[in-house]
Amino acid sequence: MSKKKIGDVILDVNNISLRFGGVKALSDISFDVREHEIRAIIGPNGAGKSSMLNCINGVYKPQEGSITFRGQTFKHMNSRQVAELGVARTFQNLALFKGMSVIDNLMTGRNLRIKSNLLLQALRWGPAEREESEHREKVERIIDFLEIQAHRKTPVGQLPYGLQKRVDLGRALAMEPQVLLLDEPMAGMNVEEKQDMCRFVLDVNDEFGTTIVLIEHDMSVVMDISDRVVVLDYGKKIGDGVPDEVRANPDVISAYLGTSH
Amino acid sequence: MSTPSIVINVNGIEVIYNHVILVLKGVSLQVADGQIAAILGGNGAGKTTTLRSISNLLKAERGEVTKGSVELRGERIDILSTSDLVKRGVVQVMEGRHCFAHLTIEENLLTGAYTRSGKAEIAASLEKVYNYFPRLKTRRTSQAAYTSGGEQQMCAIGRALMANPSVLLLDEPSMGLAPQIVEEVFEIVKDLNQKERVTFLIAEQNTNMALRYADYGYIMESGRIVMDGKADDLRNNEDVKEFYLGMGGTERKSFKDVKSYKRRKRWLA
Amino acid sequence: MFYRENGQFKTTYKSDQQIFAVKQDRIAIIAIIAFAFIGVPMLADEYLFRAILVPFLILALAAIGVNILVGYCGQISLGSGAFMAVGAYMAYNVFMRVEDMPLIVALLSGGFFAMLAGIIFGIPSLRVKGLYLAVATLAAQFFFDWLFVRVRWFTLDSPAGTAEVSNLSVFGWQIATPMDKYLFVLGFVVVFALLAKNLVRGPIGREWMAIRDMDVAASVIGIRPMYAKLTAFAVSSFIIGVAGALWAFVHLGSWEPLSFDINRSFQLLFIVIIGGLGSIMGCFFGAAFIVITPIVLNQLLPWIGSLFGVEISTAMVGHAEFMIFGALIVWFLIKEPHGLAKYWSMARHKLRLWPFPH
Amino acid sequence: MGFFLETIIAGLMNGVLYSLVALGFVLIFKASGVFNFAQGAMVLFAALAMARFAEWLPEWLGFESLLLANVLAFAIAAFLMLIFAWAVERFVLRHLVNQEGVVLLMATLGITFFIDGFGQTIFGSDIYAIDLGLPAEPIFILEGLFPGGLLINQDDLVTALMAMAMVALLTLFFQKTGTGRALRAVADDHQAAQSVGIPLGRMWVIVWFMAGLTALVAGMIWGEKMGVQFALTFVALKALPVIILGGLTSVPGAIVAGLIIGVSEQLAEVYIGPMVGGGIQIWFAYVLAMVVLLFRPQGLFGEKIIDRV
Amino acid sequence: QAPVQFFPSLTGRTGAVAPNAAPFANGYADYMKLVNARGGINGVQTLVEECETAYATDRGVECYERLKARHGGATVFQPLSTGITFALMPRLAVDKIPMITSGYGRSDTADGAIFPWVFPLLGHYWIAGDVVLQHIANRSGGWDRLRGKTIAVVYHDSPFGREVLPIINRRAEMHGFTVLALPVPPPGVEQRAIWLQIRQQRPDFVIMQTWGVMTATAIRQAVATGFPRDRMFGTWWSGAEPDLRDIGADARGYSAVMMQHGQARDSEVVRQILAQVHDRGQGTGPRAEVGDVLYMRGVVGAMLAVEGVFRAQERFGRGRHVTGEQARWGYENLNITQARLDQLGFAGVLRGPIVTSCRNHVGTAMMRIHTWNGSGFDWSSDWLQADMNVINRMVTASAESFARDNNITRRTEPGC
Ligand SMILES: Nc1ncnc2c1ncn2[C@@H]1O[C@H](COP(=O)(O)OP(=O)(O)OP(=O)(O)O)[C@@H](O)[C@H]1O
Ligand SMILES: Nc1ncnc2c1ncn2[C@@H]1O[C@H](COP(=O)(O)OP(=O)(O)OP(=O)(O)O)[C@@H](O)[C@H]1O
Ligand SMILES: CC(C)C[C@H](N)C(=O)O
Ligand SMILES: [Mg+2]
Ligand SMILES: [Mg+2]
């Protein structure tokens with residue numbers, strides 16, 4: 001963890017509050033994410049972790065607060081803007097395009113970069129054809145990286161859960177994001193698979209310098225790979241710091257980790 | 001000690017999805033009365049499929065048992081419907097939660113008691129579930145779709161408990177749960193097992209947890225059972241240690257240090 | 001000859017991205033198209049052309065349009081009949097009102113106006129989903145049915161409100177005989193099918209499918225639901241509109257809105273579902289099934305009756321046809337909810353594995 | 001003013017009848033997630049059965065009482081609807097567990113074809129009468145208040161009462177029997193419902209039978225008004241905007257929306273129709289429903305459509 | 001082997017139109033059987049094959065294609081649907097098959113110089129409209145009395161329904177009455193609003209261009225809103241028993257114009273059909289319905305179809321099969337005298353002569369009105385003749401414009 005250079009703040013969450021009717025999913029949350037770091041968000045079930053990502057993503061519109069991305073401040077953004085700014089994410093409950101093949105799922109990640117218009121696409125002529133090949137090449141690289149070559153053309157709905165999680169990651173990677181939000185990427189995996197997944201996350205972080213925000217319940221993973229950790233509980237922030245600090249924080253222990261750790 | 005009677009006996013089953021995809025290639029396993037058995041194995045090994053073929057939920061997925069048989073206390077159950085099985089006390093908690101999205105948490109739990117009668121008993125069960133999962137109680141009037149992933153998982157488990165089962169098939173109960181809740185869930189399993197003699201068959205990725213609580217374990221890979229044995233024995237098996245518990249030698253290896261050229265174990269089967 | 005992909009290594013992504021990546025498929029498709037253009041005209045008779053092949057092709061074309069919307073983009077529509085009507089009536093207006101209007105331009109402009117109508121009636125899809133949307137699209141169906149009867153301008157103020165065209169020709173080629181009509185329609189269908197295939201397997205097709213499968217996730221990766229849905233409505237209704245214009249100009253020659261009523265919408269949806277949602281090929285299977293089955297039943301039943309020496313009345317044949325057709329549809333849906341196209345791909349899958357069953 | 005009131009009354013009467021058909025849709029949708037296009041065909045089938053048995057029974061059994069004939073015919077028709085419900089479950093739904101909405105919808109269209117053909121085969125395709133002995137001539141009230149009086153149809157009143165009774169009964173059934181929750185569970189997730197032991201089959205037979213009963217009542221009333229003939233199936237089309245306006249899953253929604261649509265389309269036809277050449281009733285209800293959906297995508301009373309990642 | 005003459009029959013025996021279209025098909029088939037029992041057309045046996053269209057245009061086209069070349073070639077088609085008529089018209093010239101559209105289809109096809117293959121024999125909707133108005137005028141005491149009156153037209157919202165409007169509007173211009181046009185969306189089960197409007201606007205008369213359930217619903221609504229039935233007049237498809245039977249006494253007083261024939265249970269031809277067809281167990285439909293209005297329309301349609309062939313045989317060879325093209329000549333040169341009609345058993349049913357020519361594909365414009373008496377129809381007017389001066393001018397103008405739009409040149413043979 002020493003070699004790597006942590007940069008400036010890239011994403012800054014300021015006093016975000018989010019309510020659903022009576023439920024306060026997030027109250028007044030602030031934290032920042034620095035370029036190139038792996039930032040974990042942990043907390044008990046229902047603490048508001050996924051909601052936090054949804055706010056960053058523009059899926060939810062928080063009632064209060066703002067988010068600053070690379071110096072630009074937004075009250076709330078729409079998803080398209082966020083994507084254009086280079087934020088990608090994966091989903092807790094797998095939000096893959098079930099009817100499409102693995103390749104097509106990853107190719108959707110490239111959609112923002114498609115330039116040819118409908119007519120060219122219909123004719124598949126010249127630039128459209130070339131463009132398609134270029135993107136395909138990028139996507140193939142991700143496929144190799146995630147070691148899912150064998151499943152290229154399988155409809156993702158038919159893949160086992162763990163592989164679907166990988167495809168989900170692949171789709172986010174295909175966007176060549178600067179910030180990658182991962183919502184429990186290792187849920188439902190055994191140790192071997194978690195190791196694989198960690199390797200992917202670390203490699204992405206190292207090789208492309210991608211900033212990563214990670215939600216995860218497996219403490220060993222969080223403690224091992226993250227640079228800093230935010231802890232949420234019932235929509236409130238109860239801890240923030242490097243793993244060892246957080247591990248020692250009594251609030252965090254009582255709310256989340258339990259005494260056995 | 002007399003051998004306890006076999007509750008679930010899966011006999012060399014073969015399962016095909018969509019008429020073409022062969023997923024289980026002759027799986028056999030037994031669960032004894034009052035036992036906690038675990039099925040372990042990687043993604044796509046066929047754990048879910050095995051559970052589905054026991055609870056007869058395959059058809060809706062266009063899957064079919066083409067060979068072998070499943071018996072419940074010596075009775076073939078291929079022809080029984082899932083609801084018959086629930087009446088006989090066999091309940092499955094499906095992978096991926098499957099809460100009734102438009103129903104509130106409490107309504108979800110109450111549908112779990114569909115096969116039961118007796119208002120008082122149902123109310124008692126509800127109380128029991130709320131005791132197990134206090135978090136559910138606070139969210140009882142919220143529509144299930146709007147609860148967090150973990151809350152939904154609790155709801156799904158709680159719903160199954162509402163049927164007052166004698167055999168519970170749990171498909172990845174720990175998925176998406178916070179560590180202390182995982183612990184709690186397994187404590188509940190132990191509790192039910194010891195106090196109410198509920199038999200468990202658990203498909204789990206969290207090998208560590210599963211082997212701590214289970215009596216017996218099956219390890220599946222690519223649609224076959226490649227290894228089985230007492231939980232303790234499995235826990236001490238070197239291969240299991242390395243590949244399922246993530247321990248090289250005696251120490252747990254840091255996730256940070258996993259090598260890119262990691263050795264992969266493939267069982268010879 | 002075996003159906004194998006082995007040995008067909010793709011050295012470029014371009015070649016892997018061909019329309020039909022497997023060589024045998026490519027050959028088969030070319031053979032089918034060649035047969036359709038050369039073989040069929042030599043073999044078929046007038047009845048086949050007029051009563052079966054031409055309606056089959058046009059409905060298949062319309063179904064491609066419907067499939068783009070329903071199968072690829074996941075927006076259920078019951079207004080396809082209306083968009084056919086828009087295509088038919090607007091092509092008619094362009095054709096009749098503009099001096100020396102070339103036929104093909106008129107037909108395409110029918111598609112263009114249908115596209116506009118499609119976009120307008122597609123706007124609710126931005127908010128409304130699923131079956132709600134399906135019923136809402138019925139508004140288009142009933143509105144246009146009404147409009148073309150009511151507003152006489154659309155029928156050139158003809159007293160009864162019918163429209164008719166005659167003497168069709170393209171570049172001096174008189175489209176008069178049934179065979180001409182067949183070839184003319186076939187040309188349209190082949191071109192549109194290929195274009196549609198290109199679209200659905202390209203970037204926009206992926207956007208549509210992404211919206212269909214999981215719209216929130218799609219928007220998170222930067223797909224604009226509005227753009228995706230409205231282009232789907234646009235492309236779909238363009239194709240449906242052209243099909244409607246062909247149906248009116250080439251198949252009927254003279255028509256009223258009743259030719260494009262709600263039953264037409266249902267019929268198209270049937271084609272798409274029986275054929276297979278999200279499959280261009282399926283549209284042809286589905287159209288064949290829907291066009292041919294009733295006709296076959298209608299002719300087969302009396303014949304079966306005569307085998308047993310009973311004369312089955314026309315009414316009885318009609319009713320039995322309905323019953324059997326309905327039962328067949330249900331049976332198909334049960335057997336293969338993914339449609340005939342699924343059999344097609346399953347057959348290919350099995351061929352690949354042959355002689356092993358799995 | 002008198003005319004305005006008459007228009008509204010006419011609209012309300014129509015609305016009640018729309019609601020009745022819409023109710024059948026809602027029941028089935030609520031319980032099985034099936035958008036049942038066969039509802040119209042069921043109305044025809046039930047009405048045909050009732051009309052024909054009311055005609056045949058006195059012949060076969062040699063009695064004359066109209067009331068007896070109607071009661072017996074109603075019972076037989078109800079029994080046929082039960083068999084129908086059973087058959088639908090046994091031969092169709094059971095095999096389509098867990099399928100997509102469109103597929104189920106198409107299956108019901110298949111069922112429509114089947115029972116259209118089947119009903120006409122057995123019962124014939126002519127026009128048959130259902131005679132409930134209701135008076136057809138209008139009465140005029142408040143003649144002092146409005147010139148020409150306010151026109152009320154007695155048969156409308158009776159049928160509206162019948163429809164309302166039916167609605168009340170159904171609502172009670174669902175509230176009191178507690179089957180309601182299980183039905184909603186089934187609609188949400190077939191597989192999960194199975195897994196908690198809800199017997200899908202039995203549930204479906206129950207709701208299809210209930211829907212069959214509403215179809216029978218609707219068919220009886222419409223049949224009394226316009227004769228039992230194939231055109232009855234078209235009445236069902238009018239129920240579609242009603243259910244989406246009210247919300248696919250809402251029983252009260254079906255009723256309120258039925259009244260709204262009944263009234264507003266009468267007003268539209270009477271007041272706007274003449275300006276655009278008339279006949280707008282055929283699309284007005286749909287456009288109205290569509291516009292409302294733009295603001296409330298789940299209809300007035302429907303459950304919010306859930307969108308979560 | 002003996003020659004046969006093939007008469008395809010496009011039927012509507014299923015679906016919404018069945019109650020009205022099935023009797024027509026039955027009458028058509030029965031009369032053909034009667035012709036055979038009488039020894040055929042100069043010895044040529046008739047052959048009927050049915051094909052079910054259920055009133056759907058594309059099914060109609062398929063049926064036409066299926067049957068047109070069967071059994072030595074179709075003689076003449078009678079599609080019994082304005083929509084199918086439209087769709088088939090362009091094909092007739094190519095296939096050389098004539099079409100009889102008695103009482104439906106386009107009115108301007110009366111002009112045979114532009115529509116050589118179509119024969120709206122015995123009347124088209126403009127004639128119907130004109131005669132109804134004449135009847136109303138007569139009852140009111142002359143055309144002048146209509147000035148300032150309002151006549152509502154309740155019509156099927158389709159080309160079929162609208163076809164009657166031009167003549168009514170024409171007459172309204174001529175005689176100064178107001179037309180209240182009230183379209184009803186098919187199939188016509190929804191008419192409350194329209195009848196409320198009628199109740200509000202209080203037109204003096206209502207003319208109905210309806211069919212099937214639309215007729216029945218209209219009358220029921222009239223009853224419900226208290227509009228007097230004796231001020232309601234239908235065109236011929238609106239005056240058939242199946243739609244009125246269940247309304248019974250409530251419909252008493254409602255009238256409809258008839259293409260000459262009405263209910264004809266006592267006629268000779270019905271007696272013969274009963275004796276020679278039904279009594280031999282060969283009847284096509286229910287015996288009780290023989291002689292009803294729509295059944296008779298089938299019988300008359302069949303008679304016309306056969307007489308054209310009979311006429312053609314006179315020119316192209318007695319006792320020989322005639323082609324569609326030859327039959328067309330027959331239909332264009334009909335001269336069915338009263339004596340001939342009597343001989344065929346149509347005494348009291350039809351009024352001769354029916355004479356056609358290139359310019360006149362209708363043959364006669366003599367109509368009568370009949371009125372519902374609670375259980376059946378009675379004649380309630382004398383023979384009325386449409387004003388062919390008015391109508392022919394409209395026909396020619398409309399046909400000319402059709403010809404212009406479709407590049408058709410007027411036939412130039414003598415007499416055209
Ligand atoms: N409905 C289905 N149609 C086709 N194939 C399926 C279906 N369900 C599962 N499979 C395939 O069956 C295999 C076994 O799947 P199963 O879900 O039983 O695995 P699992 O052990 O439960 O995995 P996981 O830990 O990921 O849940 C996988 O390869 C999967 O792709
Ligand atoms: N769309 C919504 N409508 C209503 N309530 C919501 C919605 N989304 C989230 N919530 C509520 O907000 C709270 C936080 O949910 P969130 O999904 O963010 O939790 P989480 O921290 O991700 O939990 P888990 O670890 O279980 O996934 C929960 O109580 C949930 O019920
Ligand atoms: C032909 C007739 C039966 C009348 C019919 N409505 C028509 O199309 O004109
Ligand atoms: Mg979460
Ligand atoms: Mg699993």
Kindly compute the distance separating [atom1] ([X]) from [atom2] ([Y]), expressed to the nearest 0.5 Å.
X: Trp331(C); Y: His95(D); atom1: CH2; atom2: NE2; value: 12.5 Å
X: Ser125(C); Y: Leu294(D); atom1: OG; atom2: CG; value: 10.0 Å
X: Lys129(C); Y: Gln298(D); atom1: NZ; atom2: CD; value: 11.5 Å
X: Phe322(C); Y: Asp116(D); atom1: CZ; atom2: CG; value: 6.0 Å
X: Ile280(D); Y: Arg150(C); atom1: CD1; atom2: CZ; value: 10.5 Å
X: Arg127(C); Y: Phe295(D); atom1: CZ; atom2: CZ; value: 8.5 Å

Heavy-atom distances under 4.5 Å only: say whether [X] touches chain C with side chain, backbone, both or neither.
X: Thr108(D); result: neither
X: Gln120(D); result: both
X: Leu109(D); result: both
X: Leu105(D); result: side chain
X: Ala289(D); result: neither
X: Val291(D); result: neither
X: Phe37(D); result: side chain
X: Leu104(D); result: neither

I need the minimum non-hydrogen distance between Ile244(D) and Ala136(C), along with the two atoms involved.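 Scanning both residues completely, I find the closest heavy atoms to be CD1-N, 4.0 Å.
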Could you pull out the closest heavy-atom pair between Ala327(C) and Phe114(D), with the gap in Å?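 Answer, listing the atom of Ala327(C) first, then Phe114(D): CB-CD1, 4.2 Å.
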By a 4.5 Å heavy-atom criterion (distance strictly below it), what part of Leu78(C) contacts chain D: side chain, backbone, both, or neither?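 Interface part for Leu78(C): side chain.
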Which portion of Phe121(C) sits near chain D, non-hydrogen atoms under 4.5 angstrom: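 Phe121(C) touches chain D through side-chain heavy atoms alone.
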Side-chain touch [X]/[Y], heavy atoms, less than 4.5 angstrom:
X: Phe35(D); Y: Val135(C); value: yes
X: Ile282(D); Y: Asp145(C); value: no
X: Phe91(D); Y: Ile334(C); value: no

Quick one: of [options], who has the most non-hydrogen atom pairs under 4.5 Å with chain D?
options: Pro337(C), Ala320(C), Gly339(C); answer: Pro337(C)
options: Leu333(C), Ile329(C), Ile262(C), Thr137(C); answer: Leu333(C)
options: Phe143(C), Trp146(C), Phe266(C); answer: Trp146(C)

Winner by heavy-atom pair count (cut-off under 4.5 Å) against chain C, out of Val276(D), Ile111(D), Thr112(D):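 Sorted descending by pairs with chain C, the first entry is Val276(D).
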Find the one option among Leu288(D), Val287(D), Thr121(D) whose heavy-atom pairs under 4.5 Å with chain C are most numerous.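 Between Leu288(D), Val287(D), Thr121(D), the count favours Thr121(D).
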Quick one: are the ring centres of Phe284(D) and Phe142(C) less than 6.0 Å apart?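 No; Phe142(C) has its ring centre 6.0 Å or more from that of Phe284(D).
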State yes or no: are the ring centers of Phe270(C) and Phe113(D) separated by less than 6.0 Å?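 Centroid separation for Phe270(C) and Phe113(D): below 6.0 Å.
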Quick check: does any side chain N or O of Tyr286(D) sit under 3.5 Å from a backbone N or O of Leu138(C), one acting as donor and the other as acceptor?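 No, Tyr286(D) side chain to Leu138(C) backbone: no donor-acceptor pair under 3.5 Å.
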Can you confirm whether more than 12 heavy atoms, excluding those of Glu55(D), are under 6.0 Å from its CD atom?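 Result for CD/Glu55(D): enclosed.
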